[in-house]
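Here's the structure, in structure tokens; my notes come after.
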Protein chains: 2
Amino acid sequence: MTNIKDLAKMAGVSVTTVSRVLNNHPYVSKEKRNAVLAAIKESNYEQNINAVHLSKGKTQMIGVVLPFSDHPYFALLLKGIAKQALENNYKLVLFQTDYMESRELEALQMLKQKQIDSLIICSRTCEWSVIQEYLSYGTIVLCEDTKGKEVSSTFVNQYKIFKEALAFLYKKGHQRIGYCIGRKTGPSSQLRANAYKEFLSEHQLPYCEEYIIDHCNYFEDAKIVMDHLLQMDNRPTALIVTSDQVAAGIVIYCQKQGIKIPEELAIIGYHNESIAKLMEISTMEIPLLEMGKNLFQQAISKEITKEEMFFRFIERTTV
Amino acid sequence: MTNIKDLAKMAGVSVTTVSRVLNNHPYVSKEKRNAVLAAIKESNYEQNINAVHLSKGKTQMIGVVLPFSDHPYFALLLKGIAKQALENNYKLVLFQTDYMESRELEALQMLKQKQIDSLIICSRTCEWSVIQEYLSYGTIVLCEDTKGKEVSSTFVNQYKIFKEALAFLYKKGHQRIGYCIGRKTGPSSQLRANAYKEFLSEHQLPYCEEYIIDHCNYFEDAKIVMDHLLQMDNRPTALIVTSDQVAAGIVIYCQKQGIKIPEELAIIGYHNESIAKLMEISTMEIPLLEMGKNLFQQAISKEITKEEMFFRFIERTTV
DNA sequence: TTGTATGCGTTATCAT
DNA sequence: ATGATAACGCATACAA
């Protein structure tokens with residue numbers, strides 16, 4: 001492996017000069033520049049990027065924390081981030097956490113160790129207080145409403161979305177409304193739970209634990225939902241499902257079981273994933289690609305900003 | 001930021017000793033070790049990983065090249081890779097190429113620059129000859145049958161899979177068989193095209209350009225397929241679709257259009273994605289998670305190995 | 001068991 | 001415009 005020193009020798013100049021042409025700095029004569037260029041070509045030279053990183057104290061790499069990459073929500077978010085990273089000449093380091101705190105900590109650790117310049121946490125498991133400790137080591141960006149906190153974030157108003165879905169269903173005459181979520185803990189679910197409880201008390205409806213179904217992430221989780229529903233005495237007439245993928249699964253199951261949608265069970269999905277368009281599932285559209293782009297921009301920006309993205313209810317045939 | 005030198009001073013030892021306790025080397029007395037540990041705690045010290053990388057010449061990072069992360073095929077592959085990376089304490093750098101050669105070259109470049117120790121190329125765009133040039137800079141792993149070449153690979157026999165799907169359909173009485181692929185170029189499609197042509201000539205069937213539909217990656221691409229199909233005079237009676245996601249889209253479209261499956265159109269999907277189970281789509285199962293794991297292991301292994309994974313036809317209701 | 005000295009490959013500072 | 005040389009922070013061969 002030839003290095004910058006070798007180049008200097010070959011070209012008959014100093015390492016400084018070599019570094020200058022390598023980094024397109026001014027103040028280097030045409031002759032010397034050409035000499036260096038020739039040496040580079042001849043030696044098949046390549047920068048050792050780790051040395052550059054050490055010297056500069058930056059890596060042009062950004063970490064992305066997400067629970068799993070094979071879920072449309074995160075896959076789309078990631079796609080948006082990746083697109084923007086590419087345009088800005090940054091690399092992405094992926095942390096797939098499965099919602100395990102230890103893995104999120106690893107990512108935070110890498111920020112502290114300077115292996116990544118910033119960290120985008122698409123869905124956090126750690127308490128806010130632990131994330132806070134790492135704020136001084138680099139930019140951290142979250143995908144939730146961070147209110148007065150000292151971090152940038154791009155988010156949608158999960159509370160409002162849920163409220164709107166509930167209101168729509170109520171207006172359609174539904175009184176027994178259930179919902180499916182990915183995990184009970186986590187900031188979004190918290191907001192949804194609040195919205196749900198408020199909705200119930202506003203309309204003096206009873207709270208029914210059974211109506212909340214956890215661990216709904218993939219198509220196949222629809223089976224759990226349906227099994228759960230079918231054994232209930234007084235099952236909900238409508239379901240808010242926080243992922244179109246799961247909503248699609250439920251629709252298909254209902255077809256098999258002969259349960260009419262929306263007459264016997266109304267469904268509102270989330271995100272407006274492509275399956276929702278295809279299957280004509282009513283859904284709360286969330287601009288995931290845009291959010292991904294935004295998250296990335298915030299990751300490389302010096303300023304702390306909070307950007308709320310807009311959602312939109314799309315009425316189709318399942319409600 | 002306190003560094004190893006500061007620690008040494010604080011603990012009253014040499015940097016070497018500090019380095020030793022940092023790396024859990026033997027030959028350091030309890031007292032000194034404790035002194036160092038205390039200094040670490042007190043100073044809130046953290047290794048600068050870039051310096052470690054430079055010094056060691058390795059980064060414990062592995063690159064992953066794939067066209068897009070929001071496609072079940074690649075998302076699943078990635079999930080398998082990520083799982084294994086985690087267990088082996090490696091980090092993943094993601095290269096989303098959109099099938100653009102320049103982006104694949106960037107990844108190759110990073111290998112050359114030593115930013116990553118190895119590179120896993122899930123789907124390549126570059127010619128083999130250009131990849132070959134980078135072999136000396138680190139381990140490269142491919143996801144295709146690499147025959148006699150000097151690279152490790154984990155793959156399924158795309159030729160055989162396609163042949164088997166065709167044979168099955170033929171046995172069922174189909175003579176006009178079309179197929180949908182993600183892109184016409186690329187190693188897999190080449191093999192499929194060969195299998196297809198051989199199949200046709202074996203059974204003295206006519207080759208019909210129209211029967212091959214390109215750019216089928218997502219649910220929504222099913223629309224293109226159907227539009228294409230519906231305007232044909234003599235459309236195929238069966239379709240091999242190299243992604244269950246697209247297959248699912250086609251099934252749904254057919255339901256809407258009143259086209260009976262499998263009577264009017266038989267369908268064989270690929271991968272046995274979860275949507276295929278749910279919708280009871282016949283499919284060629286491919287162990288993507290396993291392949292991902294395998295790819296990773298090969299990436300960190302010294303030896304060059306080729307591992308063919310087994311596929312399996314799962315007959316359900318669409319054929 | 002411990003420490004000294006050197007190397008890793010760059011960039012940045014400061015002369016000239 | 002050019003070049004010595006000092007960082008950057010750590011690992012390690014070698015010496016003791």
Side-chain angles (χ1 to χ4, degrees), chain A residues 1-40 43-61 109-117 137-138, chain B residues 1-40 43-61 109-117 137-138:
Chain A
M1 286 295 89
T2 111
N3 62 21
I4 202 174
K5 241 178 183 166
D6 301 330
L7 283 186
K9 229 170 256 169
M10 290 173 65
V13 299
S14 71
V15 290
T16 311
T17 300
V18 176
S19 178
R20 283 199 180 100
V21 344
L22 247 31
N23 294 282
N24 272 72
H25 285 173
Y27 303 135
V28 36
S29 67
K30 242 196 164 71
E31 308 87 59
K32 303 225 172 194
R33 160 163 280 122
N34 287 139
V36 172
L37 258 24
I40 289 175
S43 62
N44 191 26
Y45 165 82
E46 200 67 41
Q47 262 190 333
N48 180 322
I49 208 84
N50 292 317
V52 177
H53 291 166
L54 173 59
S55 191
K56 288 197 170 170
K58 297 211 173 284
T59 60
Q60 289 279 114
M61 293 204 281
Q109 191 69 2
M110 282 189 59
L111 188 66
K112 196 171 179 183
Q113 295 188 153
K114 295 180 171 308
Q115 184 156 10
I116 51 180
D117 297 341
Y137 303 112
Chain B
M1 284 298 86
T2 111
N3 62 22
I4 202 174
K5 238 177 184 167
D6 301 331
L7 283 186
K9 229 169 257 169
M10 291 174 64
V13 298
S14 72
V15 292
T16 311
T17 301
V18 176
S19 177
R20 284 197 180 104
V21 346
L22 247 31
N23 294 283
N24 272 72
H25 284 176
Y27 303 135
V28 34
S29 67
K30 241 193 164 73
E31 307 88 57
K32 303 226 171 194
R33 161 162 279 124
N34 286 138
V36 173
L37 257 24
I40 290 176
S43 62
N44 192 26
Y45 166 82
E46 200 67 41
Q47 262 189 332
N48 181 321
I49 208 84
N50 291 317
V52 177
H53 291 167
L54 173 59
S55 193
K56 288 198 173 169
K58 299 215 171 280
T59 61
Q60 290 279 114
M61 292 204 283
Q109 191 69 0
M110 282 190 60
L111 188 66
K112 197 171 178 182
Q113 295 187 152
K114 295 180 172 307
Q115 184 155 10
I116 50 179
D117 297 340
Y137 302 111

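Here is how names work: the chains are called A, B, and so on, in the same order as the sequence lines, proteins then strands, and each is numbered from 1. Heavy-atom basis, side chains included; hydrogens, waters and symmetry copies ignored.
Applying the side-chain contact (heavy atoms from CB on, under 4.5 Å) criterion to Asn44(A), with sequence neighbours excluded, gives Lys112(B), Tyr137(B). Residues meeting the side-chain hydrogen bond (donor to acceptor under 3.5 Å, both in side chains) test with Asn48(B), sequence neighbours left out: none. Every residue two or more places apart in sequence or in another chain was checked for a side-chain contact (heavy atoms from CB on, under 4.5 Å) with Ser55(A), and none qualifies. Every residue two or more places apart in sequence or in another chain that forms a side-chain contact (heavy atoms from CB on, under 4.5 Å) with Ala35(A) is listed here: Ala11(A). Evaluation of the side-chain contact (heavy atoms from CB on, under 4.5 Å) rule for Gln113(B) yields Glu46(A), Gln47(A), Ile49(A), Gln109(B) as partners, not counting sequence neighbours. With sequence neighbours left out, the salt bridge (Lys or Arg N to Asp or Glu O under 4.0 Å) criterion links Lys32(A) to no other residue.
Residues from residues 109-117 of chain B with heavy atoms under 4.0 angstrom of DNA chain D: there are none.
Contact between Asp117(A) and Leu111(A) at its shortest, heavy atoms only, is O-CD1, 3.6 Å. Taking both residues in full, the closest heavy atoms of Thr59(B) and Lys114(B) are given as CG2-O, 3.3 Å, listed atom of the first, atom of the second, then distance. Nearest approach of Leu22(A) to Tyr45(A), heavy atoms of both residues: CD2-OH, 3.6 Å.
Counting 5' to 3', DNA chain D first comes under 4.0 angstrom of a heavy atom of chain A and last does so at the ends given by dA1(D) to dG9(D).
The side chain to side chain donor-acceptor pair (under 3.5 Å) pairs that include a residue from residues 14-26 of chain A are Ser14(A)-Thr17(A), Ser19(A)-Asn23(A), where partners are two or more places apart or lie in different chains. Contacts classified as side chain to side chain donor-acceptor pair (under 3.5 Å) and involving residues 2-12 of chain B (residues at least two apart or in different chains) are not found.
Asp6(A) has its CG atom 9 Å from the P atom of dG9(C), to the nearest Å.
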* Structure fact -> In 5'-to-3' order, the base (B), backbone-only (S) or no-contact (-) status of each nucleotide in nucleotides 10-16 of chain C, using a 4.0 angstrom heavy-atom cut-off, is BBBB---
* Asked: Step by step, would you call Met61(B) with Met61(A) a side-chain contact (heavy atoms from CB on, under 4.5 Å)?
  -> CA-CA 12 Å; Met61(B) 292 204 283; Met61(A) 293 204 281; 3.5 Å; yes
* To do: Please report the C-alpha distance between Gln115(B) and His53(A) in whole Å, then the side-chain angles of each, then the deciding distance to 0.1 Å, and finally whether the side-chain contact (heavy atoms from CB on, under 4.5 Å) criterion is met.
  => CA-CA 10 Å; Gln115(B) 184 155 10; His53(A) 291 166; 3.2 Å; yes
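Close to dG3(C), at under 4.0 Å from its OP1 or OP2, lies a side-chain N or O of Lys32(B).
The terminal axes of the helix from dT1(C)-dA16(D) to dT16(C)-dA1(D), fitted over 5 pairs per end, subtend an angle of 40° to the nearest 10°.
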